[in-house]
Structures are given as structure tokens and as C-alpha cells.
Amino acid sequence: MTTNLPLFRRRSAVSQYARQKLAALDMNQWRRDMQRFENLNLHRKFLQVEGRQDLYSWLYSPMFSDFDLRRQFSLDDQQTLMPTRDELVEILRRLGKVTQEDELNCGACGYDTCREHAVAIYKGLAEIEMCLPYSIEQLRKAVKELDISHSRLAEAQQALIQSEKLASMGQLAAGVAHEVNNPLGVVLMYAHILLDECPTDSKLFTDLKLIVDQADRCKKIVANLLDFARQNRVVLMPTDVREIADAALRSLPPPDGVTAHATHEIEDPVAELDKDQISQVVTNLISNAYAAMEAGGGALTVSTSGDATHVRFVVADTGCGIPQENLHKVFEPFFTTKKMGKGTGLGLAVTYGIVKMHRGDIQVKSNADASAGPTGTTVTVTLPRLPQPG
Ligand code: SF4
């Protein structure tokens, strides 16, 4: 069996083997054996002197041939050469000693200087890990990497919990919306018929108009809930994402004190998307951004970018931001931080549903704490360029 272990380890293995053999050796048996071999050689000498050629030959017969204790030795140079300057520099570099100042010469490795340790490594008598500062640095790196992996795992776990929560909310919303949809349709139909038959100047007409308006509002809410629950169909067609961003900005004039502009860093702006639904997504995000800047003014940027497989919208505002404790709730239906009557709380839920229907991803980063830096919110929507298998 061959091994690629360093010389240092191989020597240690041989010593260990020898120690084990010695520990298991029966010294009395060994002495008896040695006595026997010694006697055999004496017998041979005696028989030779006595001229007992017959017995002498018998003792040299094949039966005793294994007892020839003669040994031969040949030269096998085990001398290890010294490393060249470049080899030494390379070993020192692996030890993290690039400059003269890095060579601490602390002696913790058992060698007086870093260079002596490097020479011993070259000869296979020492290992890099024997350098204490090096090992500490490696451990520090490992801890840092573990820390990053742990944070990523925690984030992924949190995202999974959140998406499961939203999925079960979507199921509930879809169930309610389907149940409400049919009776609501009947209410709307009869309200419209009655409205058509009623004279416009009567008191009844005003009441019926109110019923029709409110029932229409309910119908929109139900449609939004179905969007959130991903129950509506996606009609994919070649869509220019730059046009969507520009059109959404044109359709929503910014409030006083707010500036808005678009930037396009995308080479191929066309992707297979449901144009109406994605327009609704960008409009919802711009509308939310304006609401966040209404009081104090600010700037809105809508950017488009992409690569070979995905397109991206980034809607960034410098508004009041979303408090950290609310960030995980923003996609929940009916969650809103706007004042009563200012929003249904379905805008981001619908946005989330549409993005998920496109098998895309939506991320929100926000800071509402002015002491921690500039406040504002950035929403990134990433969508696949081509339809994804369901
Ligand atoms: S432990 Fe490291 S820093 Fe200290 S002398 Fe050995 S090689 Fe140099």
C-alpha cells in the first residue's frame, strides 16, 4: 500500500507501529528464539571444526535454509535538500507571511523563526497548521463563512415561512372570493336593472346608484383577491419593459415636491409577460412610493435592467420608509399603513400575486429610521423572460 502522507506523518506512523509491536512482544519467547538461532550457528561451527561434513550439510539443508541470518545493506540517501529562495517564499506565502512584518517569529510552532518553520515544512518535518497565527486566521475565516451561511439559511427559512403564510392566505382569499362572486353578480345585475327602470330624479334612483357603486367596488375587491390568490389567467405576449415603466410614470403624475424619472439599463427590453398585469404591478409600486413621499417630498426612480434569462424593475423612493416590524407584512391582503379610506391594503398583495403568477420574485428593502441613514424603500421585481413550466 502506498500513501501520499507527508514525511512527518509517515515517520510518526512507523514509530507508532514499532511501539505497538514492542508492546505486544513476548520477551521470554524472543529470548528462547534467539538462543535457538545462536545454538544453530554454534552447532554449524562445531561440526565444521570436527569435520562432520554429513551433519554440517544436513544443517545447511533446505529445511534450515530460512535460518541464514546474514544481512546485506545498500546505500539509500535520505538526505533532504534545502528549499530554493522561491520555494521558501511560496511556503511563507501559504503561511500568510507576505511581508517582513508578517513574519512574527513568535515561536509558537516550535521553531524559532517563521523561516525555520517554512524550511521544516519543505522537508516534510512540519505542517502549516502548526503556525498558531495561521490557524487562528483560518478559524476566523471559517467562523465568518459559517456566520454568512447561517444568516443566509435564516433568511431563506424566513422567506419560506412568509411564502407559506401568503399561500395559505391566498387559498382562503380564493375560497371567499369564489363564494362571494356569484351572489355579488346577482346583486349587481338586479341593481343595474332596477337603476335602468327607475326615473333619474327619484329618491330611489340615488339609493340604487349607491348600491350599484358599492357593489362595483366589492367586485373590484373580489377581482383583486383572485389576483392575489393567483387564480386569474396570465396572458403572455412579447412586452417591452421600458414602455411599461415609462407609461406607468406618465399615467401617475407625481405629487407636489416629488420628482420622478426612469432609467433603462437593459439591452433587450422585450420579455414574455402579461402586459396589463405587469403594468398594474409597476403602477401599484409607483403609487405606493408617491404615498410614502407625499408629506415630505423626495425622488422616485424606476429602473429597468436584465440579463439573458430575466428582466428586472426596481422602484426606489426616498420617502418615509417602512418600519422593520411591518416589512414582513407588506404583502398580506388588507395590510396598510395608509390613513382610513386612502387604500384597501390590496395593492401589494395583488402585486405579489401577479409576480408569483409569472413565477418571478419580489424583494423589499426599506429604512424608516432616519438615525440609521437615508429613509426610503426599494422594491425589486425580477421576472423570467420566457414562460416557466408550471
Ligand atoms: S507560529 Fe507562525 S508566526 Fe510564529 S514563528 Fe511559527 S511560523 Fe512564525
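Note that ligands are numbered from 1 as they come in the structure, with each ligand's atoms numbered from 1 the same way. Values below: all heavy atoms of this structure, side chains included; hydrogens, waters and symmetry mates excluded.
- Counting all heavy atoms, side chain and backbone alike, Lys209 lies closest to Leu195 at N-CD1, 3.6 Å.
- At a threshold of 2.8 Å, atom 2 (Fe) of ligand 1 has no backbone or side-chain N, O or S atom of Cys109 nearer than that distance.
- Here is the list of ligand 1 atoms found below 4.0 Å of a heavy atom in Leu132: 1 (S).
- With respect to the salt-bridge test (charged N to carboxylate O, under 4.0 angstrom), the residues Arg217 and Asp213 do not qualify.
- At a threshold of 4.5 Å between non-hydrogen side-chain atoms, the residues Phe313 and Val281 do not count as touching.
- The environment of CZ in Arg11 is sparse: at most 12 heavy-atom neighbours from other residues, nucleotides or ligands sit within 6.0 Å.
- Scanning all protein heavy atoms for the shortest distance to atom 7 (S) of ligand 1 gives His117 ND1, 3.2 Å.
- The shortest heavy-atom distance from Leu95 to ligand 1 is not under 4.0 Å.
- Residue-level proximity to ligand 1 for Cys114 is carried by backbone and side chain together, each with a heavy atom below 4.0 angstrom.
- Counting protein heavy atoms only, atom 4 (Fe) of ligand 1 is closest to Cys106 SG, 2.3 Å.
- Looking at Lys97 against ligand 1, only its side chain comes within 4.0 Å, counting heavy atoms.
- With hydrogens left out, the protein atom closest to atom 2 (Fe) of ligand 1 is Cys131 SG, 2.3 Å, a heavy atom.
- For Glu179, the CD atom is loosely surrounded, since the number of other residues' heavy atoms within 6.0 Å does not exceed 12.
- Within a 6.0 Å sphere centred on CD of Glu325, other residues, nucleotides and ligands contribute more than 12 heavy atoms.
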